[in-house]
Amino acid sequence: MADKELHIESRLAQIGSVEEPVTGAINYPIYQATAFRHPRLGQSTGFDYSRTKSPTRAILEAAAAKLESGDAGFACSSGMAALQTIFTLFAQGDHLIVSLDLYGGTYRMIERILGKYGITASYVDTNDLDALEQVRQPNTKALIVETPTNPLMMVTDIGAACTWAKRHGILTVVDNTLLTPFFQRPIELGADIVIHSASKYLGGHNDVLAGLIVTKGKELSEEIAFLHNSIGAVLGPTDSYQLMRGMKTLALRMERHESNALAIARHLQSHPQIAEVFHPGLPEHPGHEIQSRQASGNTGIFSFKVKDARLVEPILRHLDLIAFAESLGGVESLMTYPAIQTHADIPAEIRDAVGVDDRLLRFSVGIEHVDDLIADLDRAIEAARAEIEGGQAV
Ligand SMILES: Cc1ncc(COP(=O)(O)O)c(C=O)c1O
């Protein structure tokens, strides 16, 4: 059956399962070799040196390209390595437009590293075409979009942003970490490049650090292939295997992440200690309509603000099932405090303007039973309330 005719669930489950011609191994093996014997002078098996191309990584890269409807895939040693590889497309004097609310590490790389090479950036709400137009410069080379954003879940209309960028000859890069190709495929909506921290939902088990790049178009794919090999921040064979193993169950996991997160977001909306809940699956979220149009589902992370900042520390201390840890997208539930963890490198004035303040918590909802998660959260919030009010937990 042609791959294109299969549903995404089937394509995910079957990653690498028909590609091993010698033994018929269902799970594509780990080829640990870095060097490959040449049959003759001027001949190659297709593999020469593993930084350039390695068999296990190649299966993962081909699967990623297909899942994201792109032309080529590149597996990197982390999400940041993937971003760095993309950023080396740019040179001194180039300007980037970047989503205002974004992963702190991406901000840090742009400001503290690209800045040294004379590359500048403007941060705006990338869903606001007027704002994009206002910051556009003659030397603007790329639009970098996270949607939904981490942690505030701001949504960008990918189609509209890409149409605007194309009109001005600007390259579009979409970080699809939070939704994965199971729920959203930015290249189908007009993006040139998709990037993933595959350490999150794609890997899915908090046990592999990886990044993926998928490109559309021959020239761009060749350019990234050159940079990927030249920079060398590539994914090793064992991690490539581990990532594929995680991706095989992506569909099942995403469905559970989505339903758990939405149920908990609804529960927190009416909680007396919670001021605000940021989840694009809620009809009152400003990005709800766009998200429902361009994605077939919702991610498993969302953020919420407690009414009193003094609740934060005891909530994190009293959580039991939910771990206080800074990542997202794994089967285990994690709670993060963005202001001092994932977004600490973003200056306080920018964080406050966006809303990443000292009352915001980010919840990466795992695949545990939703009732257990709600019970853990309710108990921790009640214990925290009792502590700050000097009373007894009920
Ligand atoms: C949206 C997003 N992009 C990129 C990254 C960087 O990925 P990695 O941690 O795999 O380097 C992260 C990490 O948290 C992220 O959340």
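None of the values given here were measured: they were computed from a predicted structure. All ligand and atom numbering here is 1-based and tracks the order in the structure.
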Enquirer: Short list, please: which atoms of ligand 1 are under 4.0 Å from a heavy atom of Ala210?
Expert: 10 (O)
Enquirer: Closer than 4.0 Å to some heavy atom of Asp175 - which atoms of ligand 1 meet that?
Expert: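 With Asp175 as reference, the close atoms of ligand 1 come out as 1 (C), 2 (C), 3 (N), 4 (C).
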Enquirer: Is there a side-chain contact between Thr238 and Gln32, using heavy atoms and a 4.5 Å cut-off?
Expert: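 Sidechains of Gln32 and Thr238: in contact.
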Enquirer: Anything under 30° is parallel, anything over 60° is perpendicular, the rest tilted; go ahead and classify Tyr123 against Tyr107.
Expert: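 The rings of Tyr123 and Tyr107 sit tilted, inter-plane angle from 30° to 60°.
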Enquirer: Taking 4.0 angstrom as the limit and counting only heavy atoms of Ser199, give me the atoms of ligand 1 inside it, by number and element.
Expert: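 Selected atoms, number and element: 8 (P), 10 (O).
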Enquirer: Looking only at distances, please establish whether an N/O atom of ligand 1 is found under 3.5 Å from an N/O atom of Lys200.
Expert: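 Yes; the residue has a nitrogen or oxygen that sits under 3.5 Å from a nitrogen or oxygen of the ligand.
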Enquirer: Considering only heavy atoms of Asn150, which atoms of ligand 1 have at least one such atom less than 4.0 Å away?
Expert: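 Near Asn150, the atoms of ligand 1 are 16 (O).
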Enquirer: Would Ala198 count as a polar contact of ligand 1, with the cut-off being nitrogen or oxygen pairs under 3.5 Å?
Expert: no
Enquirer: At less than 4.0 angstrom from any non-hydrogen atom of Ser78, what atoms of ligand 1 do you find?
Expert: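 Result: 10 (O), 11 (O).
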Enquirer: For residues Tyr201 and His257, establish whether the separation of their ring centroids is below 6.0 Å.
Expert: yes
Enquirer: Is Leu209 close to ligand 1, meaning an N/O of one under 3.5 Å from an N/O of the other?
Expert: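 Looking only at distances, the answer is no, because the N/O contact criterion of under 3.5 Å is not met.
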Enquirer: Would you say Glu146 has any N or O atom under 3.5 Å from an N or O of ligand 1, going by distance alone?
Expert: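 Checking ligand 1 against Glu146, no N or O pair falls under 3.5 Å apart.
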